[in-house]
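Have a look at the structure below, then the notes.
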Amino acid sequence: MEWTDILTYLCLAFYGLATVASLIGLLGRSPRAKKLAVMFCSTGFAAHTAWLVASLIDGSFSAVSRGFYLMPLSWVLAGAGLFMARRQRQDIALHFVSPWAFFLGSCAVGFAETPGAPLIAGPLFVMHLIAVFIGVGVMAVAAGAGTIFLVQEKSIKSKTALEGFRRDLPSLGTLDKVNDMATKVGFPCYAVGVLCGFLWARIHWGSFGSGDLKVWISLVILAIYALLFHQRQALGWRGRKPAILAIVIFAASLFSMFVVNTAFPTQHGF
Amino acid sequence: MNSTIHLIGINHRTAAVEVREKFALTNFCSPETWAIPNSDGIRESLILSTCNRVEVLVVGDGDEPRRRALQCWASARGRTVDELEPYLYQYRNNEAVRHLFSVASSLDSLVLGEPQILGQLKAAYTKARDCKSTSTILNRLLHKAFSVAKRVRTETGVASSAVSISYAAVELAKRIFDDMGEHEALIIGAGEMAELAAMHLVQAGVKRIRVSNRTYAKAEELAASLGGEAVPFDQLFDQLVETDIVISSTGAPDAIIHEQDMRDVLKKRRNRPMFLIDIAMPRDIDPSVNTLDNIYLYDIDDLKEVVEENLAGRREEAVKARAIVDEETESFRQWLDSLTLQPTIVALGERGRRIMEEELAKTLHRLGNVDDATREALEVMAQSLVKRFNHEPIAFLKNRFHEADRPEATLEAVSTVQRMFGLK
């Protein structure tokens with residue numbers, strides 16, 4: 001077993017523990033469990049970062065597999081959760097990134113042997129990956145916040161009591177701020193990521209598009225992202241509609257990542 | 001020492017306000033006027049006199065302190081015990097302790113879980129201490145009562161949700177807005193309920209508060225009392241554009257804010273959320289306004305329902321709180337029982353010390369001139385011997401106290417040790 005593998009399992013273990021602690025903390029209304037969850041998630045992220053650095057140094061990225069790219073994505077997601085939790089001074093972002101980081105990391109291990117596209121090095125490709133991952137990662141956080149927003153808002157609007165752990169959840173304003181921050185960071189990143197992909201394709205394949213289903217889905221996601229960004233910034237959309245759009249964007253990203261990558265012929269075989 | 005704790009009192013359940021005011025002891029709690037003097041069997045006393053209850057705690061031997069306290073209380077108010085007795089509840093020892101813990105934890109309050117009573121109890125204790133009317137037992141009991149109240153508040157949700165309409169409105173606002181300090185409030189009308197809710201908003205730290213009323217002078221008056229500013233009523237909709245929280249309580253016969261008005265307002269404020277609290281009757285805000293995105297409208301009935309649900313929640317939590325009170329009452333009883341051992345243990349120690357000093361003096365006299373080091377070594381040895389001789393009887397007493405289910409067993413052990421060592 002390589003020592004990078006040890007780091008992989010270590011960070012997965014911490015994300016797993018963080019997920020369990022988050023569930024206990026949120027559902028059992030236990031501040032101690034919530035603190036533990038934050039600690040586990042942060043430690044998992046540290047191990048994950050160490051893995052990323054080690055992989056870059058020893059050139060593991062050349063070993064292209066479908067799963068391999070899910071590790072950086074889950075790293076971005078956990079990082080986005082940590083960043084937003086710190087900015088908002090609310091741990092809630094961490095509580096819903098831990099399960100996703102664990103899930104994506106586990107998928108990465110599961111798909112580790114599945115061959116992907118051959119590595120094509122170069123700054124455009126790297127930028128394409130990083131920017132798209134940030135765009136999807138922050139939307140994962142926004143989708144989590146959006147789901148809670150919709151549930152909480154429905155109760156407040158319909159004047160039904162918030163019971164149990166729902167009393168401890170953040171205010172609607174806080175949840176909407178998560179969406180705002182994610183949109184401001186995520187849309188430009190995602191747009192740059194898609195653009196880099198097109199430029200790379202034009203340079204290496206000679207044409208911008210290849211008719212790949214994944215490319216079409218990315219364009220649809222970009223269009224929804226653009227709508228969300230525009231409506232928020234230009235028209236001042238807040239609350240329910242942006243929450244729904246964030247959930248749609250993240251759901252489409254998951255569809256693209258897991259259904260298209262595995263069930264359809266695609267050049268984005270990772 | 002076999003002290004008895006007595007608690008006698010009247011409260012909102014046993015006596016109407018007319019009766020409570022006749023027997024209130026609010027003016028009898030200073031060192032000059034203390035109503036329950038520590039004499040005639042009363043060793044310690046405390047008076048708690050609030051608008052909802054008057055309670056007297058006394059400590060002494062047997063039933064005499066209770067009778068004496070009743071006489072003092074009645075005579076302080078120029079009444080007879082017979083006039084007071086029909087409204088009284090009277091507890092002793094465990095029951096008195098349990099009742100006091102329940103009162104401190106606000107389980108016996110008119111509004112279950114309201115926090116005011118703990119402050120009142122603390123103030124009553126401070127006054128009793130100033131009057132030097134408390135000692136070992138009441139000091140310990142009151143400190144324990146404060147810690148029980150704290151435990152109940154932290155471990156149960158008995159005080160966690162709003163149970164007044166005005167406070168419920170503020171709690172709801174906190175569920176909508178992330179930081180109250182970033183949001184502005186507008187009070188429309190100058191009703192009493194709106195004023196109360198506005199005061200809660202100010203306490204919650206809203207950024208700015210404005211008051212709008214058809215009579216501008218009234219708006220100015222209320223604004224001044226809230227530390228806010230008055231705005232003209234004809235600029236209402238312009239003001240709404242800048243406002244996040246609205247409390248409306250005008251006497252208008254029909255709605256003054258309609259759905260279309262709020263659509264325009266929302267557009268101008270770029271969909272920033274608004275919380276509208278309509279406590280007017282008839283209502284000031286058309287209910288259809290609640291169908292708009294980012295607007296949350298609550299009327300008086302909605303808030304009453306929130307309060308009812310919160311009260312039901314508190315009642316459920318009170319079951320847990322009572323279990324804590326029972327547990328702490330038992331723990332206090334054990335401490336109280338342990339007091340029966342103290343005089344015997346102290347007497348045993350004193351007897352040992354007396355014998356040690358006598359024998360040490362004799363030995364030193366016989367030895368003649370001894371240096372300091374030898375003298376010190378002899379003293380240390382004598383002290384150790386006394387400690388070791390006393391260890392067994394003290395352990396016997398403590399073991400009987402911890403093992404016995406019956407207090408008589410402890411008393412029996414105390415008597416045995418006293419007879420064996422000739423203690424009084």
Side-chain angles (χ1 to χ4, degrees), chain A residues 28-32 84-85 87-93 145-146 148-181 183 227-245, chain B residues 154-157 160-162 168-183 204 241 244-245 265-278 287 289-314 316-317:
Chain A
R29 304 181 74 185
S30 159
R32 195 180 291 176
M84 287 185 179
R87 282 292 297 265
Q88 298 276 320
R89 292 186 196 133
Q90 281 275 359
D91 296 337
I92 192 74
I148 296 177
F149 181 97
L150 293 178
V151 174
Q152 295 287 88
E153 201 240 12
K154 193 178 173 200
S155 293
I156 293 173
K157 197 90 173 161
S158 61
K159 293 146 190 178
T160 49
L162 297 176
E163 281 169 357
F165 74 95
R166 289 178 59 193
R167 284 173 173 272
D168 304 333
L169 292 175
S171 67
L172 299 183
T174 304
L175 295 166
D176 189 57
K177 274 189 178 172
V178 171
N179 184 292
D180 184 45
M181 199 190 292
T183 309
L227 176 74
L228 172 61
F229 186 80
H230 176 266
Q231 300 300 85
R232 273 209 88 104
Q233 305 312 314
L235 299 184
W237 266 22
R238 280 178 172 84
R240 243 163 57 83
K241 287 176 190 164
I244 293 169
L245 286 186
Chain B
T154 48
E155 291 182 24
T156 73
S160 65
S161 47
V170 177
E171 286 291 293
L172 275 164
K174 286 181 183 168
R175 298 215 175 279
I176 296 167
F177 302 108
D178 53 339
D179 179 0
M180 295 293 276
E182 289 176 4
H183 299 283
V241 175
D244 306 300
I245 303 162
V265 167
L266 265 180
K267 207 179 230 176
K268 285 181 189 159
R269 53 186 277 121
R270 289 168 54 84
N271 294 305
R272 275 185 292 124
M274 290 182 85
F275 181 34
L276 311 180
I277 304 147
D278 184 358
V289 166
N290 194 44
T291 59
L292 298 174
D293 261 4
N294 295 313
I295 289 195
Y296 307 94
L297 169 64
Y298 275 66
D299 62 29
I300 189 86
D301 281 0
D302 300 329
L303 290 171
K304 272 184 191 160
E305 215 166 290
V306 171
V307 166
E308 276 306 312
E309 280 165 3
N310 289 348
L311 269 174
R314 282 191 178 198
E316 277 172 28
E317 289 297 301

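Within every chain, numbering begins at 1; the chains are lettered A, B, ... in the order of the sequence lines, protein sequences first and strands thereafter.
Interface remark: of the candidates Leu172(B), Ile295(B), Asp179(B), Val306(B), Ile295(B) forms the most heavy-atom pairs closer than 4.5 Å to chain A. Per-residue heavy-atom pair counts under 4.5 Å with chain B were compared for Lys159(A), Arg240(A), Gln152(A), and the maximum is reached by Lys159(A).
Interface remark: Leu235(A) contributes backbone atoms only to the contact with chain B (heavy atom separation under 4.5 Å). Within the 4.5 angstrom heavy-atom criterion, atoms from both the backbone and the side chain of Asn290(B) approach chain A. Heavy atoms closer than 4.5 Å to chain A are found nowhere in Leu303(B), neither backbone nor side chain. Contacts of Leu292(B) with chain A are made by backbone atoms alone, with heavy-atom separations under 4.5 Å and no side-chain atom involved.
Counting all heavy atoms, side chain and backbone alike, Ser155(A) lies closest to Tyr298(B) at O-OH, 4.3 Å. Closest heavy-atom contact between Asp293(B) and Lys241(A): OD2-CE, 3.8 Å. Nearest heavy atom pair, residue Ser171(A) against residue Asp178(B), reads OG-CA, 3.1 Å. For Asn271(B) against Gly236(A), the heavy-atom pair with the smallest separation is CB-O, 3.2 Å.
Distance check: Thr291(B) OG1 to Lys157(A) NZ gives 7.0 Å after rounding to the nearest 0.5 Å. Atoms CG and CZ, from Leu172(A) and Arg175(B) in turn, are 9.5 Å apart once rounded to the nearest 0.5 Å.
At a threshold of 4.0 Å, the pair Lys177(A)-Glu182(B) counts as salt-bridged, since one of the basic side-chain nitrogens sits closer than that to a carboxylate oxygen.
Checked by atom type and distance alone, the side chain of Arg270(B) pairs as donor or acceptor with a backbone atom of Ala234(A) at under 3.5 Å.
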